Each structure stands twice: as structure tokens, then as C-alpha cells.
Amino acid sequence: MAAPEGPLVVGVDSSTQSTKALVVDAATGQVVARGQAPHTVSSDHESDPEQWWEALCRALEQCGPAVHRAAAISVGGQQHGLVTLDAQGRPVRPALLWNDVRSAPQRDRLVEELGGPKAWAERFGSVPATSFTVTKWQWLRENEPEAAASVRAVRLPHDYLTERLTGQGTTDRGDASGTGWWSTATGEYDPGILERVGLSPDLLPRVLGHGEAAGTVRHLEGLPLPQGALVAAGTGDNMAAALGLGLRPGRPVLSLGTSGTVYAVSTIRPADPTGTVAGFADARTDWLPLACTLNCTLAVDRVATLFGLDREAVEAGGGVTVLPFLDGERTPDLPYASGTLTGLRHDTTPGQILQATYDGAVHSLLAALDLVLDADAEPDAPILLIGGGAKGTAWRETVRRLSGRPVQVPRAQELVALGAAAQAAALLLGEDAAAVARRWSTDDGPAYEAVERDEETLARLDATLSGADTLLRRH
Ligand SMILES: Nc1ncnc2c1ncn2[C@@H]1O[C@H](COP(=O)(O)OP(=O)(O)O)[C@@H](O)[C@H]1O
Ligand SMILES: O=C(CO)[C@@H](O)[C@H](O)COP(=O)(O)O
């Protein structure tokens, strides 16, 4: 490996399943060292934020001596999670994560009470899904009032980690746009919704401006980072990946991880009244229309495990259809749904059921692809495929077959952490983060031509979804 040319920066991805850290040469984008430590997620989708901090320290330690020379760091984190802290800055209870659907009744009431879906889309950019922080806060108030009353600060996962580094309560517009209490129309916390859910704005972090620093690393026992290193604002993991790709408007991204996401950068503020597209802000000054599924790689891995199959052991053919909504679903909006399997015959093979699970997971994402792209987007622009699933052949081939579009798989695998590193480098060098990522050529990777779209499978999935509607909505 060539000796690094520039100063070193650290990018962190604190996602649902693990924390990943990269030490990156700010001049070239070369990854000098990496570390990863797992998280525990309970069956009701909660995680202890203290554990994220310990995982961050462990991932940084694994990076070895390089991390001691880092001049700047930034944290990208799973979006939406409700982190509640007491007066000492300790978690009041485990964080409620983005894929917990218990707040569906609270969500329905909040949408209704604040003027319905159209009013939400216009004011906040999004009709909240049960993932959104505001619905979780309302759930906490109704179900654990004593815990809610003892809360002295409310944070998102990346805010919590950034604050542990700097001692300052900060966030950024990208992650703030997934709370449901930050208005994309005004660029500020919305006093009306905060009053409605009994949350004082004093409990919320300051939203940093584009390019503003969160602070510097303070002296902390056991943290292998130099005191005084710059800390960039950080952002939500999808916003970080968009930065990491140096994404320009019109390029669709499909991310296959714990969540499935499909998104694009846009210069137009999104406001989808159907709620399919969340109108997030990006980590710069643009927008990130995005649709997200709760069931992606873990659903496929679960089905493979049930049959004792390798995740690549798919078989074509058969008329079986799987709607893999094991955790309820957000896209389509079916929080009470469970997984369904139809079309089973005597000759159906386990490999066909596995392939049908991939098909079901990809179908939900592709249904939103055109909706996240601006009307003038190039219809044949390749889909950028990222996330852990992008390493898999079965995932890639399913996306090609069901989209009918060319697909490009960036060689760089940790795009969230790389985007956070680009944000840290941008702060250090006084550049734009997306320009830094473009200089690093992070989206380079093999391109796969378009194949004919498998209309038959898509039609079967559409028909199964509409046919099973009553079943999927049953509480
Ligand atoms: N070689 C591979 N082929 C297909 N899928 C993979 C491969 N390696 C990891 N995965 C999938 O990637 C998922 C993790 O993706 P990742 O993007 O790291 O998750 P997160 O959303 O938590 O950041 C795992 O659930 C696993 O199913
Ligand atoms: O809820 C969303 C997006 O709105 C998810 O994409 C989360 O941000 C979780 O991300 P991963 O852990 O799957 O990366």
C-alpha cells in the first residue's frame, strides 16, 4: 500500500447491525485502516446507545496506529432512532430504532391531527412513517410516561455519538429531516408539532449549518483519537452514502442493507402526499427523496437459514411469490403485515422460494424508483448498487432482472463511512464534501448492462400485493 499523501481523516458508519470505521487519506481517498464491531438489537428493535459508543471505540482501536494521527472525524448513523438522555447524559432507556413499528397508532393519530398527509408533506417534506422519531417519542409518552418525564435531552444515533466526542449537542439538517419535528419548508424545528407532542425545543440539539464543525474531540479515557481533532457535523447513514458517492441529481441509488433504500439527490424540495417518498434534506444544501423498506437483507438471510441454504443458492422458475414483510413494512405502508408466501406447489423447491424472497424485497424498492427521481432524470442512468447486499450475485441479478436498467456496483464497499470521511476531509481542507468524494472516484466499479425486464414476476407480485391487502392490514 502506498504511503498516505495527505492528512488522515476518520469516517464512521454506526448502522443497525454494527459500527464500521475507516481511516482515509484525505488527499487520495485511499483507505489506510478499517475496523468493525457488532451491535446487539433486541427482538423488539431496541439498542443500547452506550453499546454504540463501545463499538465505536473498538472499531477505532482495530484501525491501529493510523487512527492516532487522524486530524478530523465524522459520524454517519442509522436514521430516526429515538435516543433519550437523563441530566447526566446517560440513556434513560434503550433507543427505539427505525424498524420498530410499535408507534403505528401514534403515527396515524399525529397525521390526522396535524391536517392529514398533504399538510405533513408540505410542512415537513414527509408524511411520517412509523420509523420517524416523532412517532416514537409519542409512543414513549403514552406507554412509558415516567421515562418520558425524566428525559433531559433527545438525540438521534449520530447526534449521540458526535456529542460523546465533542461534549456539544448538535445535529445536521439531513438527519433532522427524518425526525418529523424539523420542517423542510422553514429549515427549523417546528414549534407547532413540538408543542403537540410535549417536547421542549431546549431538549433538542442545535442544527449545524452546511460545512459547520460540531466541535473538537475532547479528552476521553479509552478513546484512541487525538484530543483536539476536528469533528464534522455527521449525518444520517443514507445522506452520508450520498456524500460518499459524490452523488449528482438523476443518479438513482439502491442500498441493500438491514434496510433497503432507494434514493437520488434533487435540487427540488420533495413533498409526496402519498407518503411513499420521504422528503429528506441531504447533508449539503440539496434534498434526498428516499423510499425505505424494513425487510431487505435480513429477510433473505432468514429464509435461506430456514431452508439451510447458502444465500446464493437461488433457483429460477415456479410460480411462488413471497412478500417478505417479516418486520411489518414501511414501503408499502403496512406496519401490521407479516410475511406471506403464495403459489406453493408439490414441485416448488427451497431455492425457488429463496429467489422469490429476493424478488419480493427488490420489488418493493423498485416500485419507488421512479418516484425518487426528478421528472427530467435520464431513464437509462445505471442504478448504483451499494450496501452489504451489493456484494451478492443473487441480489445484483435480481435488481437487473426486475429493473431492466443497467447496474453499477462501486468497488468502494463502505460508502456510509467513506461519505463521513469525505465530510471530515471537507471540513479539514475547506472543500465541498461531494467534490472530495468525486476526487476520490468512489463510485468507480464494474458496470452491468440492462437485461430485459421480467414483467411476469412483477405482475405476479403486484397482483399478490393487492389480493392480500385485507390480510396485510389486519392488526
Ligand atoms: N457477500 C455477501 N453477499 C450478499 N449479502 C451480503 C454479503 N455480505 C453481507 N451481506 C448482507 O449485508 C447485510 C449487511 O449490510 P450492511 O449494509 O452492512 O448493513 P447495515 O444496513 O446494518 O449497515 C447483511 O445482513 C448480509 O445479509
Ligand atoms: O430508516 C431508514 C431510512 O429512512 C434506514 O435506512 C435507517 O437509516 C437504517 O439504516 P441501515 O442500518 O440499514 O443502514
Side-chain angles (χ1 to χ4, degrees), residues 12-20 34 36-39 41 45 47 52 55 59 76-82 95-101 125-126 128-133 135-136 156-158 174-175 177-180 235-242 244 253-263 275-281 288-305 310-314 324 327 329-331 354 357-358 361 365 368 372 385-399 409-410 413-420:
V12 175
D13 172 9
S14 175
S15 290
T16 315
Q17 297 190 57
S18 68
T19 298
K20 302 154 197 168
R34 62 180 80 228
Q36 179 165 3
H39 305 155
V41 182
H45 306 289
S47 271
W52 300 334
Q78 54 175 311
Q79 291 182 245
H80 311 297
L82 176 71
L96 298 162
L97 303 190
W98 61 278
N99 49 358
D100 167 20
V101 293
S126 308
T130 55
S131 298
F132 278 50
T133 329
T135 71
K136 298 180 186 303
L156 292 165
H158 108 261
D175 224 1
S177 66
T179 56
T235 191
D237 53 3
N238 291 292
M239 294 78 195
V253 178
L254 205 75
S255 174
L256 304 168
T258 313
S259 62
T261 58
V262 59
Y263 57 88
T276 303
V277 176
F280 296 140
L288 199 74
L290 177 150
C292 173
T293 60
L294 305 186
N295 301 282
C296 192
T297 55
L298 291 181
V300 160
D301 288 354
R302 184 76 200 123
V303 170
T305 305
D310 183 272
R311 61 161 80 93
E312 295 292 350
V314 289
D327 279 323
E329 193 41 275
R330 165 167 159 189
T331 310
L354 181 60
T357 311
Y358 279 97
L365 286 167
V372 301
L385 202 62
I386 66 167
K391 290 185 252 182
T393 308
W395 276 112
R396 187 187 68 228
E397 291 310 307
T398 305
V399 172
V409 185
Q413 284 180 2
E414 297 304 342
L415 282 150
V416 175
L418 214 47

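Residues take their numbers from the sequence shown, with the count starting at 1. No experiment lies behind these values; they were computed from the predicted model shown. First listed ligand is number 1; within each ligand, the first listed atom is number 1.
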Enquirer: Of all the atoms in ligand 1, which lie at a distance below 4.0 Å from a heavy atom belonging to Ser15?
Expert: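 Those qualifying, in numeric order: 20 (P), 22 (O), 23 (O).
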Enquirer: Please check: side-chain N/O of Gln413 versus main-chain N/O of Gly388, any donor-acceptor pairing under 3.5 Å?
Expert: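 Looks like no, no N/O pair under 3.5 Å.
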Enquirer: Examine the side chains of Thr19 and His39 and answer whether a donor and an acceptor come within less than 3.5 Å of each other.
Expert: yes
Enquirer: Pick whichever of Cys296, Ala278, Cys292 has a heavy atom sitting closest to atom 2 (C) of ligand 2.
Expert: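 Going through Cys296, Ala278, Cys292 one by one, Cys292 has the nearest heavy atom to atom 2 (C) of ligand 2.
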Enquirer: If we only count heavy atoms from C-beta on, is the Leu354 to Val300 side-chain gap below 4.5 Å?
Expert: yes
Enquirer: Any side-chain heavy atom of Trp98 within less than 4.5 Å of one from Gln79?
Expert: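 SC-SC contact between Trp98 and Gln79 ruled out.
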Enquirer: Just go through Val41, Asp301, Leu298, Thr393 and tell me whose heavy atom is the nearest to atom 27 (O) of ligand 1.
Expert: Asp301
Enquirer: Note the single closest protein heavy atom to atom 11 (P) of ligand 2, along with its residue, its atom name and the distance in Å.
Expert: Asp237 OD2, 3.3 Å
Enquirer: Main chain of Pro157, side chain of Gln78: is a donor-acceptor contact present, judged purely on distance under 3.5 Å?
Expert: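 Looks like no, no N/O pair under 3.5 Å.
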Enquirer: Quick one: does Glu397's side chain get under 4.5 Å of Val314's, heavy atoms only?
Expert: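 No, side chains not in contact.
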Enquirer: For the backbone of Arg311 and the side chain of Tyr358, can you confirm whether one donor and one acceptor N or O come within less than 3.5 Å of each other?
Expert: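 Yes; judged by distance alone, with no hydrogens or angles, the pair exists.
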Enquirer: Does any N or O atom in Trp395 lie less than 3.5 angstrom from one in ligand 1, N or O only?
Expert: no
Enquirer: Against heavy atoms of Lys20, which atoms of ligand 1 measure under 4.0 Å?
Expert: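 That gives atoms 16 (P), 18 (O), 23 (O) of ligand 1.
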Enquirer: Do me a favour and list the nearest non-hydrogen protein atom to atom 4 (C) of ligand 1 with residue, atom name and distance?
Expert: Arg311 CD, 3.3 Å
Enquirer: Determine whether the side chain, the backbone, both or neither of Val416 has a heavy atom under 4.0 Å from any heavy atom of ligand 2.
Expert: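 Answer for Val416: neither.
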Enquirer: Any nitrogen or oxygen of Gln79, side chain or backbone, less than 3.5 Å from one on ligand 2?
Expert: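 By distance alone, the answer is yes.
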Enquirer: Is there a side-chain contact between Asn238 and Phe280 in this structure, where contact means two heavy atoms from C-beta onward sitting under 4.5 Å apart?
Expert: no
Enquirer: Around atom 1 (N) of ligand 1, find the nearest protein heavy atom and jot down its residue, atom name and distance.
Expert: Lys391 CB, 3.6 Å
Enquirer: Should Thr261 be counted as touching ligand 2, given the test is an N or O pair under 3.5 Å?
Expert: no
Enquirer: For ligand 1, which atoms sit closer than 4.0 Å to a heavy atom of Gly387?
Expert: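 Those of ligand 1 that fall under 4.0 Å from Gly387 are 17 (O).
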Enquirer: Can you tell me if Gln78 has a non-hydrogen atom under 4.0 Å from ligand 1?
Expert: no
Enquirer: Quick test: of every protein heavy atom, which one is nearest to atom 14 (C) of ligand 1, and how far off is it to 0.1 Å?
Expert: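 Atom 14 (C) of ligand 1 sits closest to the protein heavy atom Gln17 NE2, 3.9 Å.
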Enquirer: Classify the contact between His80 and ligand 2 as side chain, backbone, both or neither, using a heavy-atom distance cut-off of under 4.0 Å.
Expert: side chain
Enquirer: May I ask you to list the atoms of ligand 1 that are less than 4.0 angstrom from any heavy atom of Thr258?
Expert: 19 (O), 20 (P), 21 (O), 22 (O)
Enquirer: Pick whichever of Ser18, Gly388, Cys296, Gly257 has a heavy atom sitting closest to atom 11 (C) of ligand 1.
Expert: Gly388
Enquirer: Is there a donor-acceptor contact under 3.5 Å linking the side chains of Trp395 and Thr297?
Expert: no
Enquirer: For atom 24 (C) of ligand 1, what is the closest protein heavy atom, and at what distance to 0.1 Å?
Expert: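 Ranking protein heavy atoms by distance from atom 24 (C) of ligand 1, first comes Thr297 OG1, 3.8 Å.
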Enquirer: Counting N and O atoms only, with roles assigned by atom type, does the side chain of His80 sit under 3.5 Å from a partner on the main chain of Gly178, one being a donor and the other an acceptor?
Expert: yes
Enquirer: Report yes or no: does Lys136 contribute a side-chain atom to a donor-acceptor pair with the main-chain N or O of Val101 at less than 3.5 Å?
Expert: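 No.
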